[in-house]
Amino acid sequence: MREPILKAVSMPPRIFWAPFVPAVVNFSIQMGIMVMCIAIFHINPLWFIPTMLIGHLIIAAYAWQEPHLSKMMQTYGPMASKSQNIYPVKGNKLAP
């Protein structure tokens, strides 16, 4: 009964060896740049395939050492700001 839960935690979702969230962000940014370049400069869209592959390979290589890159990106937003500590202590505490 516990095996699917442990497998989901230990192996996050991937798209061609890259974590899901960074791969989707890379694809979205590349597609937006591609559409703008096609509209403005009339560039052939096939020139953007190597840039998408290079970006995806960089994400996959970085995810080789940090497999939970998606969760790190998702939790960075709420944890990026400094919290106010009630008592003077060293470091940043997550509890108020």
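As a basis for the values below, the full set of heavy atoms in this structure was taken, side chains included, without hydrogen atoms, waters or symmetry mates.
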Between [atom1] on residue [X] and [atom2] on residue [Y], distance to nearest 0.5 Å:
X     : Y     : atom1 : atom2 : answer
Met34 : Asn44 : CE    : CG    : 10.0 Å
Ile33 : Thr51 : CD1   : OG1   : 8.0 Å
Met31 : Ile38 : CE    : CD1   : 7.5 Å
Glu66 : Tyr62 : CD    : OH    : 6.5 Å
Trp17 : Leu57 : CH2   : CG    : 9.5 Å

In terms of hydrophobic clusters joined by side-chain contacts under 4.5 Å, are [X] and [Y] together?
X     : Y     : result
Leu53 : Phe27 : no
Trp47 : Phe41 : yes
Ile49 : Ile54 : no
Trp64 : Ile58 : no

TODO: Take Cys37 and Phe48 through the test side-chain contact (heavy atoms from CB on, under 4.5 Å) and record every step on the way to the result.
DONE: CA-CA 10 Å; Cys37 286; Phe48 288 94; 3.7 Å; yes

Over all heavy atoms of both residues, which pair between [X] and [Y] is shortest? Give the atoms and the distance, please.
X     : Y     : value
Pro19 : Ser70 : CB-OG, 3.2 Å
Val24 : Ile15 : CG2-CD1, 4.3 Å
His56 : Phe16 : NE2-O, 3.0 Å

- [ ] Please go through Met36's hydrophobic cluster and name the other residues, only I, L, V, M, F, W, Y counting, with side-chain heavy atoms under 4.5 Å joining them.
- [x]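 ILVMFWY cluster around Met36 holds nothing else.
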
